[in-house]
Each structure stands twice: as C-alpha cells, then as structure tokens.
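Some notes on the structure that comes next.
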Protein chains: 2
Amino acid sequence: MRKSDKHLRFMDFANGNAKTYQYHKEDKVLLAVDCIIFGFDEEDLKILLIKRGFEPEMGKWSLVGGFLQKQETLETAATRILNLYTGLDNIYMEQVATFSEVDRDPVERTISTAYYALINIEEHNQKLNKQFSANWFSVAKAPKLIFDHDKMIQHALKRLRNRAATQPIGFELLPEKFTMRQLQKLYEAIWDTQLDKRNFINKIRSLNILEKLDEKDKTSSRKGSFLYQFDPQKYQSEEGKPFVLNF
Amino acid sequence: MRKSDKHLRFMDFANGNAKTYQYHKEDKVLLAVDCIIFGFDEEDLKILLIKRGFEPEMGKWSLVGGFLQKQETLETAATRILNLYTGLDNIYMEQVATFSEVDRDPVERTISTAYYALINIEEHNQKLNKQFSANWFSVAKAPKLIFDHDKMIQHALKRLRNRAATQPIGFELLPEKFTMRQLQKLYEAIWDTQLDKRNFINKIRSLNILEKLDEKDKTSSRKGSFLYQFDPQKYQSEEGKPFVLNF
DNA sequence: ATTTGCAAGTGTAGTTTTAACACTTATTCT
DNA sequence: AGAATAAGTGTTAAAACTACACTTGCAAAT
C-alpha cells in the first residue's frame, strides 16, 4: 500500500518526558456510504435493493451506495445517494454504524458507513427505480446480498425497531393521510408482531399527536375508515405526550 | 489532494442501457478512532481525558484517540487505543457513530469513529495514566474539548443511558463485588436522577441476575452492607428476566 | 326497499407494574 | 450503655397494561 500522505502524529510520548513528534505516513482508506432504504407497502416492511451493474459481484443484489467525496460529509453523501436512487429530497435518515472488516470489499480496503432511510413507497420515483434495476423486497424475503450488506440490514432493522418505539418516525413510511389500520399494520410489520386494535388505538390516541380528519378512505371497506394525520405541532407542544410505544 | 488509487466505480449507468464502467480516482481519507472512556467513582460518572502533547491544539483536553492502521478494523484500533491509555484488556466497548464534518480537524480532512468504553476506575493503570497527562473528569464538569469531541461525548452519553436501561452493562463500571448502594448510585449518575432505594432494590432483585454474597463491605457504615455480584449465568438462563430498568 | 357482507369502530374489567412512603436493625465508637 | 450511622425492609394507592366481543356504517346485491 502506498504511503505518501503526511499527517502530524504523536509518537513515543508515553516513554518519558521528552515530547517528540514525527510526521507519519498514515494509511488513508476509501470510505463508502451504504443506504438501507425502508418502505412499507400496506403489508410488509420492505427494502430497496439494486442489482449491481458492475464488478465485483455484478448481477448480485446489494444496498444502494457510493463513495464519499472529499468535500462531503457522510450525511451529504448519503443524501446524494438517496436522491440519486429515489429521486426524493428531504428523506428521513439516520446513521447506523460503520463497518470496517479488512476484507469486506475484495477489491480494495473500503470502510463503509451505513445509513437507514425511511421513504413513502408511493412517492418513490419509479422511473429512476427501473433504470437502476432496483426492486423492493420484503425484509424477510430479501435475497442474499453482497459483502456485509446483510449485516448492515440487521443493524438498521434493530435501530429502526428501537427508534420506532420512542420517536414518531413511523409516519415517514406512510402517506401524509393514513388510517389507523395502516398505522397499526406498519408497527406490526416493523416489530414483526401482532397488536390488538383496541389497545393500539387507545395508546395512539393517548399520545395526542394525531389529527383526525373528516375524510374517509373508502378503498378498504364499504364503511370507510377515517384518515389521520401526524401533527408535529401537537407533538412538540404540551398536549403531545412523550412518544413511547411499548407493546 | 492526491488521486492515484484506482477503484472500480459505477458511472453513467442511469443514463441508458449501455453499461459503461470506469476506473475512478476516489478520494481517500484519514480515519481516526476516538474513545469516550467512562468510569464511576462512587459518586459521579466520569470520563478519561488527556491533555494533548502535540499540535494542533497542544495543551488542550481531548478524548483519547488514534489513527486507523491499514490492517486494523475499527474495533481493533479502538482496542489498541484503549489498551495504550488504560493498560487494560477486555474492555467493554461499543461503536457510537462516525463524525465527518469537513473541517472537524483543521490540519487535514479526518473522519473519526467514536467508541464508548466502560472501565472500572480501580483497575485503571495509574502509571500509564500519568504518563499521558490523563485525568478523570465528571461528565458534568469536563472542560471544553478540542474539535467535535464534546459532541461525541453527548452521543456516547445518550447511547450509554439507553444501553444501561436494557443491558446489564452497568457492572462493567463497578468492581466485581459491589453493594446495592453503589449500584444505585451508579444508575443515578448515569441517568442524572434520584431513585428510591426500596423501589430500586425490589426491581433489581426481581431481575434475578445478582448473587448475594455472605461478605459485607464495612467501609461505608458500621453495620456494613452486603456485597453482590453479577451472575452472567443467571442472566443467560431461564431464571434471569429480560434486563429492563425503566425508572 | 330490504337484506347482506365487510371492515371500522368502540369500552371495560382484571391484572400487573409503578410510585410513594418511614421505621427498624446491625454495628461501632464514645 | 447509649449514640450515631447507614443498611435493610413492606405496603398501599394509582397507573398502565392486557385480554377480550359486539355494534356501526356503508354499499352492493337481491
């Protein structure tokens, strides 16, 4: 490996009082960003994967990702990558962790920081999707992915499950207006569990963060079900209780 | 910035069916590891800081850290750094997050992954400590640190507070044998809160993960207080209940 | 016009968990 | 023997949680 970049580095300081320094050729590495893009299709929690169109591992499924560019923060890079593959801006995302196994990328030492993102599948730009051979997979039925991407997904899923219980982020996965049934199915999908609808609605209502609209969604039943909307103002204000869902 | 390392990179694939590839000169960066070392002194939650003996920011306080070397994972590097500054092995640690603001290090673009670690201050090797001008500071009273280290600590603290509520990691900060009072003070320090000792001991006992010893600690009272020990076997087994402390 | 089918919508009671609270005990020092 | 000190212990009221089943509103079919 080449070593030519210089960086001031502390050396041999532990070994006495003399303060000695030395320019040291540090090992620079490639930094990548991989995104776990979650969506929800009224039934399952899904992730957006692409079929790699380049080597190594061409033709296999992988997370969407890219390399960090020198003027970017990781957040900026993740935003760029998310926009590239979904056509969307203002996507909710959070850093998950950084993966650094020496041989995780067989071509060259690459360290990758994973971000998870939540998007509303409806809004997702199908055009870009097709161009990249992208596909939504149920988390449970996803194919085996390249490198350590499966591990990344497991980490992201764990984080999502935790966040969903303490932050009102579920709404990021739903259309602006949604029914209680949708909301319940979403949390059932995230936690892979079954919830009682009476207990669910009681808990949600007690949080005081939703606005019940006069509109109904008629697609799923003759009676129709009322639509709700997350109200960030209520959530921030006194009336909104701390968001905690511990079913 | 030098660009000479080649890496296969996907280019121009979105723009049609033709699959074109190109070697691209990626931007490599320096990767650092910074460690938030927590300790507990029977009263306060503390962090180990060092007075920097080299530029930039010589003389200011900072987290302990170092650069990732090419054959290392981040975990390996963190382990190495922790051992260097504390003399200890088998330290409990967990990755917190990676910080990537472009100008976080004024000398050169450096991206840093933070780890938090929990150690028993008693076991901490004072010798190495002094050589590095290291000092324990109460989290609340710590000096202003260099770069974005304060931000790192806030992240780490948040993580620690969460973990402490759902994983039996508090014991990492205590001697092997400890009193209920110590344990309670520890959690009070972590969460910066006051707990009722009767409720505390009842909850802890209900978890069934501690062994009560016949020994007493006589240093803090005439009566003496019984010593307890965390029993990982109980915790793993049926009798150990899921560790959840929600005071 | 009436009936039927379907999912939406609603309330309660028993149980468990939490929170608040004060006195007794064991020991040492004087 | 008495005083001083921190350790150790249990109960009760309130809140949260869990389990559980029938009614409503609407539209389609008859």
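Below, read A as the first sequence line, B as the second, and so on, with proteins coming before strands; counting in each chain starts at 1.
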Q. Taking atom types as modelled and ignoring hydrogens, do the side chains of E75(A) and Y115(A) form a donor-acceptor contact shorter than 3.5 angstrom?
A.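 The criterion, which ignores hydrogens and geometry beyond distance, is satisfied for Y115(A) and E75(A).
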Q. Taking atom types as modelled, is there a side-chain donor on T76(A) or T73(A) under 3.5 Å from an acceptor on the other?
A. yes
[N] [atom2] sits how many Å from [X] [atom1], rounded?
X	N	atom1	atom2	value
L227(A)	dG9(C)	CG	P	9 Å
I204(B)	dG8(D)	CD1	P	14 Å
K185(B)	dA6(D)	NZ	P	10 Å
Q184(A)	dA7(C)	CD	P	15 Å
L207(A)	dC17(D)	CG	C1'	14 Å
E215(A)	dG25(D)	CD	P	20 Å
M180(A)	dG9(C)	CE	P	9 Å
N246(B)	dA15(D)	CG	C1'	13 Å

Q) Between K218(B) and dT27(C), does any side-chain N or O lie under 4.0 Å from OP1 or OP2? A)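 No, outside the criterion.
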Q) Does T179(A) place a side-chain N or O at less than 4.0 Å from the phosphate oxygens OP1/OP2 of dA8(C)? A) no
Taking the minimum atom-to-atom distance to the side chain of [X], which one of [options] wins?
X	options	value
S221(A)	dT27(C), dA7(D), dA7(C)	dA7(C)
K216(B)	dA8(C), dT10(C), dA26(C)	dA26(C)
N199(B)	dA19(D), dT24(D), dC21(C)	dC21(C)
R198(B)	dC26(D), dT10(C), dG10(D)	dG10(D)
K197(B)	dG8(D), dT10(C), dC26(D)	dG8(D)
I201(A)	dT18(C), dT10(C), dC26(D)	dT10(C)
N202(A)	dG11(C), dT5(D), dT10(C)	dG11(C)

Q. Is a donor-acceptor contact shorter than 3.5 angstrom present between the side chain of K223(B) and the base of dA26(C)?
A. no
Q) Within the side chain of H149(A), is there an N or O that forms a donor-acceptor pair under 3.5 Å with the backbone of L63(A)? A) yes
Q. Roughly how far, to the nearest 0.5 Å, is CG of D34(A) from CD1 of I81(A)?
A. 7.5 Å
Q: Any chance you could measure I111(A), atom CD1, to F99(A), atom CZ, to the nearest 0.5 Å?
A: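 One gets 12.5 Å once the value is rounded to the nearest 0.5 Å.
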(Q) Distance to the ring centre below 6.0 angstrom and angle to the axis at most 45 degrees; does that hold for K203(B) and F247(B)? (A)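 Yes - K203(B) lies over the ring of F247(B), closer than 6.0 Å to its centre and within 45° of its axis.
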Q. DNA chain C: R222(A) or R181(A), which has the more 5' nearest nucleotide?
A.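 On the 5' side of the pair lies R222(A).
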(Q) Just to be sure I understand the rule, does D196(B) reach a base, reach only the sugar-phosphate, or reach nothing, if contact means heavy atoms closer than 4.0 Å? (A)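 Since a base atom lies under 4.0 Å of D196(B), the category is base.
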Q) Taking for each residue the nucleotide of DNA chain D with the nearest heavy atom, is it S220(B) or G224(A) whose nucleotide lies nearer the 5' end? A)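 Result: S220(B).
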